[in-house]
Structures are given as C-alpha cells and as structure tokens.
Amino acid sequence: MCNNCDCSNCHNNAEHKMKRHNAIKSCLGRNPDAFRSKIAGGRSGEAKGWHNKGCNCKRSGCLKKYCECYEANIKCTSSCKCVGCRNYDDSSEMNLEEKIVNVKDKWPESVITPAVVEAVCGSLLAQAEKAERKAQSPVQAEHMVLDEFGRCLTQIVKAMFKN
DNA sequence: GAGTTTGAAACT
DNA sequence: CAGTTTCAAACTC
C-alpha cells in the first residue's frame with residue numbers, strides 16, 4: 001500500500017481495500033506471474049541467473065539500465081528481441097561455431113548469416129584446392145584465395161547496401 | 001532540479 | 001497477437 005507517496009487520487013490504501021483487492025485479482029488473472037521476479041536462477045541481484053522473457057530494447061544497445069538484462073547484470077540471449085544489442089558475450093576464446101550461432105542469434109538482420117559464412121569458406125577452400133591441383137607456388141595460391149575472398153566481400157557489401 | 005529518453009506493462 | 005498508450009526510472013544537462 002502507498003505510504004507517504006506524492007500520488008494523487010490514490011486508491012492503493014486501506015480506505016479502498018476492496019477496490020485494491022479486485023485490482024490485484026484482475027491483474028493476477030491476466031498474468032499469474034505479475035508479482036514474481038522475472039529473473040530465474042541465482043539469488044537476487046547477482047550476475048547469475050537469466051532473464052526469463054528477454055528484453056525488447058531498441059535504442060539503448062542493452063548497455064544502460066533501461067535494459068532489464070543489463071540491470072540484472074546478465075547477458076542478453078536469443079530469447080531477447082532487442083535491436084542493436086551490445087550486451088552479449090564476444091569472447092575471443094569462442095570457437096567459430098559459437099561465433100556463427102552468436103551472429104544468428106543477435107544480428108538477425110545481418111547478411112553475414114551462417115549460410116553465407118559457409119558459402120564463403122567453401123569457395124575459399126575450392127580456390128585453394130584449385131591452386132593445389134595446378135601446383136601453384138604458395139604465393140600464387142595465396143593470391144588466388146585472396147582474390148576469391150575479395151569477390152566474396154564485394155558481394156556481401158553489395159547485399160548489405162541493397163537494404 | 002528540470003527536461004528528455006527509454007522500455008516494461010497495460011491496454012486496445 | 002500487433003500496435004498504441006502510459007508512466008516511472010534512468011539518464012542528461
């Protein structure tokens with residue numbers, strides 16, 4: 001109940017007991033978890049646990065306390081629907097597969113999708129094998145692979161600016 | 001401290 | 001379920 005608040009026309013007090021009870025009831029009717037913590041796992045306020053529902057941040061980059069994940073001291077996950085998120089693990093120890101998954105989860109709008117990464121890697125490998133078959137010198141082989149990489153990047157950049 | 005930004009929750 | 005409104009906390013100056 002309110003106590004020493006500055007609210008006007010307040011019904012959250014003993015005088016409106018019934019009204020208050022009904023309000024709580026209809027609130028819980030809509031969402032049974034309305035008065036429960038949104039952070040599961042670790043004890044309150046620690047860097048443990050995870051956000052049950054994820055955040056929906058649009059402009060804060062999830063790096064300000066407007067973001068529920070950031071405020072709870074946890075990283076955003078794929079259950080978030082945030083845009084432009086910078087609150088995620090970017091560890092250099094991550095292997096390639098984890099990085100690809102990370103791209104998929106956090107930048108759904110990116111053109112560098114797992115499929116694109118695979119395609120690029122595949123054509124670079126093909127180029128390297130071609131050089132091997134033609135018994136090119138290491139320098140020539142490098143040149144062929146880098147040429148191919150350049151073509152791939154050009155296509156990716158073109159696709160990015162299409163939108 | 002006033003004014004602005006932000007996003008969850010409520011609402012439609 | 002998607003779009004809109006509300007509003008208090010976070011933030012900025």
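Side chains are part of it too, since the values below use all heavy atoms of this structure and drop only hydrogens, waters and symmetry mates. Sequence lines set the chain letters: A, B, ... in the order given, protein chains first and strands last, and positions in each chain run from 1.
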Crowding at NZ, K65(A) (>12 non-hydrogen neighbours, <6.0 Å):
no
Side chains of C55(A) and C82(A) in contact at under 4.5 Å (non-hydrogen atoms):
yes
Using side-chain heavy atoms (C-beta onward) and a distance below 4.5 Å, is I74(A) in contact with N87(A)?
no
Rounding to an integer number of Å, can you tell me how far L63(A) CG sits from dA10(C) C1'?
14 Å
Hey, could you give me each pair passing side chain to side chain donor-acceptor pair (under 3.5 Å) that has a residue in residues 128-137 of chain A? Not counting sequence neighbours.
S137(A)-Q140(A)
Partners passing ring-ring contact (aromatic ring centres under 6.0 Å, His included) against H143(A) (at least two apart in sequence or in another chain)
none
Protein-nucleotides 1-7 of chain B N/O pairs under 3.5 Å:
{"from": "dT5(B)", "atom 1": "O2", "to": "Y66(A)", "atom 2": "OH", "distance (Å)": "3.2"}
{"from": "dT6(B)", "atom 1": "OP2", "to": "R59(A)", "atom 2": "NE", "distance (Å)": "2.9"}
{"from": "dG7(B)", "atom 1": "OP1", "to": "S60(A)", "atom 2": "N", "distance (Å)": "3.1"}
{"from": "dG7(B)", "atom 1": "OP1", "to": "S60(A)", "atom 2": "OG", "distance (Å)": "2.4"}
{"from": "dG7(B)", "atom 1": "OP2", "to": "K58(A)", "atom 2": "N", "distance (Å)": "3.3"}
{"from": "dG7(B)", "atom 1": "OP2", "to": "R59(A)", "atom 2": "N", "distance (Å)": "3.1"}

